[in-house]
Amino acid sequence: MAEHEFPPPAPVVVERRAVDEDESRRANGPDWDRYADEYQATHGAFLGDAGFVWGPEGLTEDEAGVLGEVAGRDVLEVGSGAGQCSRWVRSRGGRAVGLDLSHRQLQHSRRLDESTGVVVPSVRATATALPFADASFDVVFCSFGALQFVADLDVALAEAARVLRPGGRLAFSITHPTRWMFLDDPGPEGLTAVSSYWDRTPYVEVDPATGEVAYVEHHRTLGDWVALLHAAGFVITDLLEPRWPEDHDRVWGGWSQLRGRLTPGTAIFAADLRG
């Protein structure tokens with residue numbers, strides 16, 4: 001098999017149905033283990049070995065400044081993957097730690113530690129049970145990882161609040177909630193609304209050979225995110241909806257220039273923990 005050539009994905013059955021936290025975790029950890037090599041080979045150059053990209057639009061933390069000053073601060077990345085964003089934080093003087101559910105993604109993080117010389121201490125764990133003491137961090141962030149894959153989002157946000165110091169910053173990017181109305185298609189078919197924005201039923205892929213759930217993604221409306229953040233003790237300071245750059249022609253799953261010129265694909269929240 002040629003380098004960066006991967007077998008076609010196994011067939012799955014797509015459903016929309018309720019899935020709890022245990023089932024979500026059992027599905028998504030192994031799914032990311034299977035997908036990690038392809039993901040890093042396909043997107044690694046775009047992300048950068050020590051780069052910080054908030055989403056497929058290519059908005060960087062250098063441009064957005066969502067985290068604020070990171071030098072000298074304790075920073076936790078939840079859903080860190082290969083640690084690219086944490087490595088960016090460390091290169092700017094922050095004490096970043098990575099956390100991911102996927103063992104294979106953390107192996108890629110170790111590979112980049114060795115190739116860049118910028119080491120990100122990382123642990124395998126879940127966003128709903130952070131293995132850190134109370135008030136351990138100044139910043140917790142998540143770039144398209146973890147939060148939209150957990151069923152118990154209230155628990156994950158409570159955990160982020162617990163490990164943050166008073167006044168600490170939580171920042172994260174997710175698929176823009178309005179995108180759930182459309183097919184995950186970068187072409188013209190992805191421009192027609194086919195589902196209700198208010199249908200919060202999770203997206204589920206089932207392995208037809210075993211009947212087991214193989215992938216889960218959970219949908220919340222913008223109002224849901226606001227209410228959940230408030231309930232967890234956060235004050236929202238910013239909500240960014242990056243526009244698609246005119247000269248950006250990259251296709252990433254359902255993200256494309258065609259769609260990005262008309263509708264937002266990413267939402268970036270910044271929120272501070274109330275003192």
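FYI, the numbering just counts along the sequence from 1.
- Partners of E23 by side-chain contact (heavy atoms from CB on, under 4.5 Å), not counting sequence neighbours, listed by chain and number: R17, V19, D20, R26, V213.
- Partners of F52 under the ring-ring contact (aromatic ring centres under 6.0 Å, His included) rule, at least two apart in sequence or in another chain, are W54, W88, F141.
- Listed by chain and number, the residues in a side-chain contact (heavy atoms from CB on, under 4.5 Å) with A193 are M181, F182 (sequence neighbours excluded).
- Residues satisfying the salt bridge (charged side-chain N to carboxylate O under 4.0 Å, His left out) criterion with R274, sequence neighbours excluded, are absent altogether.
- Atoms CG and CZ, on D31 and R34 in that order, are 5.0 Å from each other to the nearest 0.5 Å.
- Heavy-atom neighbours of E114 CD from other residues, nucleotides or ligands within 6.0 Å: above the threshold of 12.
- The side-chain contact (heavy atoms from CB on, under 4.5 Å) test applied to T221 returns Y197, W198, R200, H219, D224, not counting sequence neighbours.
- Annotation: ring-ring contact (aromatic ring centres under 6.0 Å, His included) contacts of H43 (sequence neighbours excluded): Y39, W252.
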TODO: Apply side chain to side chain donor-acceptor pair (under 3.5 Å) to the pair S102 and D33, showing each step before the final yes or no.
DONE: CA-CA 5 Å; S102 166; D33 285 341; 2.7 Å; yes

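- Scored by the side-chain contact (heavy atoms from CB on, under 4.5 Å) test, A267 finds I174, H176, P177, L239, F269 as partners (sequence neighbours excluded).
- Taking each heavy atom of A160 and L170 in turn, the nearest pair found is CB-CD1, 4.2 Å.
- With sequence neighbours excluded, no residue satisfies salt bridge (charged side-chain N to carboxylate O under 4.0 Å, His left out) with D238.
- For the atom pair W180 CH2 and T175 OG1, the distance stands at 8.0 Å (nearest 0.5 Å).
- Annotation: salt bridge (charged side-chain N to carboxylate O under 4.0 Å, His left out) contacts of D247 (sequence neighbours excluded): none.
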TODO: Decide side chain to side chain donor-acceptor pair (under 3.5 Å) for Q40 and Q84; before the verdict, give the C-alpha distance in whole Å, the side-chain angles of both, and the deciding distance to 0.1 Å.
DONE: CA-CA 11 Å; Q40 295 300 333; Q84 288 98 333; 2.9 Å; yes

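- No side-chain donor-acceptor contact under 3.5 Å links T237 and D272.
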Task: Candidate pair V12 and D207, rule side-chain contact (heavy atoms from CB on, under 4.5 Å), full reasoning - done: CA-CA 5 Å; V12 294; D207 184 336; 5.8 Å; no

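- Within the structure, salt bridge (charged side-chain N to carboxylate O under 4.0 Å, His left out) pairs that include any residue of residues 58-84 comprise D62-R92, D74-R95, D74-R165 (at least two apart or interchain).
- Using a 4.0 Å cut-off between charged nitrogen and carboxylate oxygen, R104 and D37 count as a salt-bridge pair.
- Taking CG from L191 and OG1 from T263, the interatomic distance works out to 8.5 Å, rounded to the nearest 0.5 Å.
- Annotation: salt bridge (charged side-chain N to carboxylate O under 4.0 Å, His left out) contacts of R111 (sequence neighbours excluded): none.
- Of all non-hydrogen atoms in V78 and C142, the two that sit nearest each other are O-SG, 3.1 Å.
- Using a cut-off of 4.0 Å between Lys/Arg side-chain N and Asp/Glu carboxylate O, D113 and R110 are scored as not salt-bridged.
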Open item on the list: Run T128 and E159 through side-chain contact (heavy atoms from CB on, under 4.5 Å) and show every step you take.
Closed with: CA-CA 6 Å; T128 53; E159 279 290 274; 5.6 Å; no

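- With sequence neighbours excluded, the residues satisfying ring-ring contact (aromatic ring centres under 6.0 Å, His included) with H248 are F46, W244.
- Atom CD of E205 is separated from atom CD of E217 by 9.5 Å, given to the nearest 0.5 angstrom.
- To the nearest 0.5 angstrom, E241 atom CD is 13.0 Å from S173 atom OG.
- Considering every non-hydrogen atom in both H218 and S24, the closest pair reads NE2-OG, 2.9 Å.
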